[in-house]
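Before any comments, here is the structure.
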Amino acid sequence: MQRRMLSKEDEAATGGEEVVVRREDQDRINKFSRLHQRELALEEEVKAKQKDKEDLEEVSNELELVDEDEKVPYKIGDCFVHLPQAEVMTLLSDSTERIEKDVSSAEEKLSKVRDEMQELKVALYARFGRKDMVRYPSRSVSAQERSNHAHIDYSGSGDSLEKSLISFQSGDPAHPHNWSSSRKSWILGITMLDVFNSTVGTSLPSGGSKYIARDFHVTSDALLVLPIAMYLVGYILGPLVFAPISESYGRKPILVLSFAVFTTFTMACALAPNFAAFVIFRLICGVFASCPLAVVGGICADIYQSPKSRGRAMAFFMGVTGFGPLLGPILSGYISTVSWRWTFWVALIIAGITLATLVIMPETYAAKLLQNQARERRKKGESNVYAPIELEHKDLRRTLEIILMRPMRMILFEPIVTFTCIYLSLIYGIFFMFFQAYPIIYEGTYGFSPGQQGLAFLSLGVGFTIAGILYFWYDSYLERAQARAAPWAFTEEGRRLPLACISGPFLVISMFWTGWTARPDIHWIVPILSGIFFGFGFMLIFMALLNYVVDAYEIFAASAMAATNCTRSVFGACLPFAATPLYARLGIPWACSLLGFLQVLMCVIPFVFYNYGPEIRARSKFCQYLLQKKREEQGVGEEDDGDIFPEEHSHREHGRKDLEA
């Protein structure tokens with residue numbers, strides 16, 4: 001049982017009595033808030049469907065003036081075909097009937113949601129001793145008034161204390177989803193600049209390693225791995241904290257604060273008095289540089305409502321995360337010839353520019369924007385106005401459990417998360433091994449300078465670019481498949497995994513290609529070109545598997561992503577330590593071959609997911625809980641569960657309590 005603190009005005013309204021809010025009461029309040037958001041979404045859906053119906057009827061009226069034998073253009077997916085007028089009229093009629101059915105279904109769900117909201121209000125009023133008639137907006141009240149006044153009573157005496165929940169209206173220009181395309185692009189550009197600073201920092205010392213070793217008198221190759229490894233250790237710790245904090249305090253404050261600390265310690269790296277201090281400063285930089293990686297995905301969801309737009313923004317984000325580490329060796333390789341410290345001074349200049357843009361970037365988290373609106377209205381005298389996020393219960397113990405324990409449970413007990421972590425961690429670790437292996441391969445075999453070694457990474461960038469082009473093409477192909485109602489296009493496995501299946505062999509080929517062509521008698525361009533294959537496979541597997549995890553776990557995706565971020569950062573921090581002894585003992589051909597054989601084993605994982613993914617999700621407590629909550633929000637009863645997953649009922653109740661966090 002928990003006690004809610006009341007203001008003096010609240011105490012006066014309740015006659016000075018203390019209001020005790022039990023956990024079940026708070027659960028009802030949270031559920032009411034979720035249902036309220038569902039109500040708004042359904043109202044928006046009904047309005048959109050009715051608009052579509054009106055548009056189709058208008059087109060039908062215009063086509064009645066066209067001769068029946070005349071062909072008219074008709075859009076299917078992204079393409080236009082010319083069909084006889086009569087056939088187009090039939091298609092339009094069928095579309096109108098489908099929309100009418102959709103409207104009817106949405107209105108039925110809306111009615112169930114409103115009934116459930118009414119029941120919750122009755123329960124809350126009864127809980128706090130209200131004896132008089134429960135007041136609830138009747139069906140004749142406008143949707144705008146109903147969404148603006150969702151009253152929850154906390155009265156402890158005859159007087160009432162009501163709290164009005166505010167929300168965004170349909171088409172409200174203040175909602176980030178409704179911002180202009182130019183403003184969204186500007187925000188995306190600023191956040192990508194933030195991500196660029198973070199990811200360039202991962203590999204920034206690589207091109208100046210020998211100069212750092214000379215200044216700090218470091219003779220151990222293992223110690224020279226620490227500046228990169230400790231930065232990645234920071235990547236392990238940061239996402240566990242920054243993502244949930246951004247959902248309580250907003251995206252902008254945490255981004256600005258963390259980047260200010262990152263900028264400060266970038267300067268500290270340039271001024272480091274000894275190697276120990278340099279490594280510690282790199283660790284702190286890594287912790288705070290991980291913030292954009294944890295938060296930018298949420299920003300994309302904040303401003304892009306369409307899954308297609310959001311997916312493309314995330315693809316752009318993944319591209320920046322891939323390109324950043326490639327540019328670090330180039331910058332440090334050439335600048336370090338003047339002074340390795342100047343590498344960090346240049347990074348500081350770029351970070352300073354980025355920090356200035358972050359300060360003027362607007363907040364994007366809708367719940368935080370509503371909270372700001374509510375606070376402003378309370379300052380103006382509307383003391384009963386609150387945002388839904390202000391009524392949500394926040395318990396430190398449960399929050400820590402969500403942050404720390406749920407990702408760990410998903411790694412241990414969710415096969416999709418487990419094997420995704422294994423696959424991505426291996427290739428991520430190999431990617432960061434390259435920062436130690438490329439000097440061995442290209443300096444030792446071909447006599448490259450540090451700057452030239454950095455340029456060798458550009459071949460991976462070419463692969464990243466090709467992967468991005470293929471991803472966008474596949475996105476359009478998938479959209480056309482969904483337009484023609486292809487069954488495979490509506491499954492999580494069909495949407496995401498084909499790209500993952502084709503990318504694995506490219507990673508394998510690239511490793512054997514590099515290992516067996518990096519010889520003095522073969523021109524240096526030949527092994528460098530293998531980087532195109534690795535970059536292509538690396539970027540494509542990340543895009544495909546991470547999107548698959550998000551699609552499969554939805555509301556639990558943040559925890560699943562935290563699990564993948566932490567495990568791959570562990571591998572990225574640890575595997576580079578093995579690079580020098582591995583290549584020294586096995587030689588370049590067999591060291592690369594060993595890594596290639598490991599990736600052969602990993603190639604099987606996407607195929608297993610593609611064929612057995614539905615069965616795996618049917619046995620997942622998280623996926624089943626998600627399915628149940630989704631049906632509850634849609635107003636579907638247990639009798640309508642169907643057999644989407646054959647074993648759903650046998651798994652539904654098992655583990656419910658430990659998932660409700």
Worksheet item: Is a donor on one side and an acceptor on the other found under 3.5 Å between the side chain of Lys184 and the backbone of His177?
Response: yes
Practice prompt. Measure from the ring center of Phe435 to the ring center of Phe432 and say whether it is less than 6.0 Å.
Written response: yes
Worksheet entry | Atom pair CG/NE2 of Asp302 and His175 - distance to nearest 0.5 Å | 8.5 Å
Item to complete: Drop me the distance from Leu426's CG to Leu595's CG, to the nearest 0.5 angstrom.
Response: 7.5 Å
Worksheet item: With a cut-off of 6.0 Å (strictly less than), are more than 12 heavy atoms of other residues, nucleotides or ligands near CH2 of Trp186?
Response: yes
Item to complete: Please round to the nearest 0.5 Å and tell me the distance separating atom CE of Met433 and atom SG of Cys592.
Response: 8.5 Å
Worksheet item: Are any of the side-chain heavy atoms of Gln599 and Ile430 separated by less than 4.5 Å?
Response: yes
Fill in: Ring center gap for Phe196 and Phe323 short of 6.0 angstrom
no
Discussion item. So that I know where these two stand, are Phe512 and Phe597 an aromatic pair - ring centroids less than 6.0 Å apart?
Written reply: yes
Practice prompt. Determine yes or no for a side-chain-to-main-chain donor-acceptor pair under 3.5 angstrom, with Glu443 supplying the side chain and Tyr438 the backbone.
Written response: no
Item to complete: To the nearest 0.5 Å, tell me how far Cys291 SG sits from Leu257 CG.
Response: 8.5 Å
Worksheet item: Tell me, do Ile541 and Pro606 make a side-chain contact under 4.5 Å, heavy atoms counted?
Response: yes
Fill in: Flag for Ser198-Tyr235: side-chain donor and acceptor within less than 3.5 Å
yes
Fill in: Within-4.5 Å side-chain heavy-atom neighbours: Tyr471 and Asn547
yes
Worksheet item: With a 6.0 Å cut-off on ring centres, are Phe262 and Phe259 close enough?
Response: yes
Worksheet item: Considering only heavy atoms from C-beta outward, does the side chain of Phe344 approach that of Met267 to under 4.5 Å?
Response: no
Worksheet item: If you look at every heavy atom in Pro273 and Ala277, which pair is closest and at what distance?
Response: CD-CB, 3.8 Å
Item to complete: Indicate the atoms forming the closest heavy-atom contact of Phe538 with Ile427, along with that distance.
Response: CE1-O, 3.8 Å
Practice prompt. Decide ring pair (Phe, Tyr, Trp, His ring centres under 6.0 Å) for Trp340 and Trp345; before the verdict, give the C-alpha distance in whole Å, the side-chain angles of both, and the deciding distance to 0.1 Å.
Written response: CA-CA 9 Å; Trp340 68 265; Trp345 288 121; over 10 Å; no
Discussion item. Take a 6.0 Å sphere around CZ of Phe316 and say whether it holds more than 12 heavy atoms from other residues, nucleotides or ligands.
Written reply: no
Item to complete: Heavy atoms only: give me the nearest Met543-Gly468 pair and the separation to one decimal.
Response: CE-CA, 4.3 Å
Discussion item. Within a 6.0 Å radius of atom CZ on Phe419, are there more than 12 heavy atoms belonging to other residues, nucleotides or ligands?
Written reply: no
Item to complete: Give a yes or no on whether the backbone of Val417 and the side-chain of Thr420 come within a donor-acceptor separation of less than 3.5 Å.
Response: no
Item to complete: Apply side-chain contact (heavy atoms from CB on, under 4.5 Å) to Cys603 and Val508, showing your working.
Response: CA-CA 9 Å; Cys603 283; Val508 175; 3.8 Å; yes
Worksheet item: So do the side chains of Met361 and Leu255 get within less than 4.5 Å of each other, counting heavy atoms only?
Response: yes
Item to complete: Start with the C-alpha gap between Tyr231 and Leu204, add the side-chain angles, then the distance that decides, and say whether side-chain contact (heavy atoms from CB on, under 4.5 Å) holds.
Response: CA-CA 10 Å; Tyr231 192 97; Leu204 202 56; over 6 Å; no
Worksheet item: Backbone N or O of Cys421 within a donor-acceptor pair of the Thr564 side chain at under 3.5 Å?
Response: no
Practice prompt. State, without any angle test, whether Thr354 and Asn197 hold a side-chain donor-acceptor pair at a distance under 3.5 Å.
Written response: yes
Fill in: Evaluation steps, side chain to side chain donor-acceptor pair (under 3.5 Å), between Thr445 and Trp524
CA-CA 9 Å; Thr445 305; Trp524 52 263; over 6 Å; no
Fill in: Straight-line distance of Ile284 CD1 to Thr264 OG1, nearest 0.5 Å
10.5 Å
Worksheet entry | Met511 to Phe434 - nearest heavy-atom pair and separation | SD-CZ, 3.9 Å
Worksheet item: Hey, does the side chain of Arg282 reach the backbone of Pro227 with a donor-acceptor pair shorter than 3.5 angstrom?
Response: yes
Discussion item. Measuring only between side-chain heavy atoms, which start at C-beta, is Trp513 closer than 4.5 Å to Leu529?
Written reply: yes
Worksheet item: Does the ring centre of Trp473 sit less than 6.0 Å away from the ring centre of Tyr477?
Response: yes
Worksheet entry | Any donor-acceptor N/O pair, Ser425 side chain to Ile422 backbone, under 3.5 Å | no
Worksheet item: Are more than 12 heavy atoms from other residues, nucleotides or ligands located less than 6.0 Å from atom OH of Tyr249?
Response: no
Worksheet item: Between Tyr211 and Ser332, is a side chain to side chain donor-acceptor pair (under 3.5 Å) present by the stated rule, with each step listed?
Response: CA-CA 10 Å; Tyr211 303 103; Ser332 59; over 6 Å; no
Worksheet entry | Nearest heavy-atom neighbours spanning Thr199 and Val320 | OG1-O, 3.6 Å
Fill in: Note, Tyr548 side chain near Ile416 side chain (heavy atom, < 4.5 Å)
yes
Worksheet item: Under 3.5 Å, is there a donor-acceptor pair between the side chain of Ser290 and the main chain of Val287?
Response: yes
Item to complete: For Leu226 and Phe577, run side-chain contact (heavy atoms from CB on, under 4.5 Å): C-alpha distance rounded to whole Å, both residues' side-chain angles, the deciding distance at 0.1 Å, then the answer.
Response: CA-CA 9 Å; Leu226 283 175; Phe577 285 100; 3.7 Å; yes
Worksheet entry | Under 3.5 Å: donor-acceptor pair, side chain of Arg341, backbone of Ala270 | yes
Worksheet item: With a 4.5 Å limit on heavy-atom distance, are the side chains of Ile228 and Pro576 in contact?
Response: no
Discussion item. Does Leu331 form a side-chain contact (heavy atoms from CB on, under 4.5 Å) with Val200? I'd like the steps, not just the answer.
Written reply: CA-CA 9 Å; Leu331 291 174; Val200 166; 4.2 Å; yes
Response to the item:
Separation between CD (Gln453) and OH (Tyr442), nearest 0.5 Å, reads 10.5 Å
Worksheet item: What's the shortest heavy-atom distance between Phe448 and Ile528, and which atoms?
Response: CE2-CD1, 4.0 Å
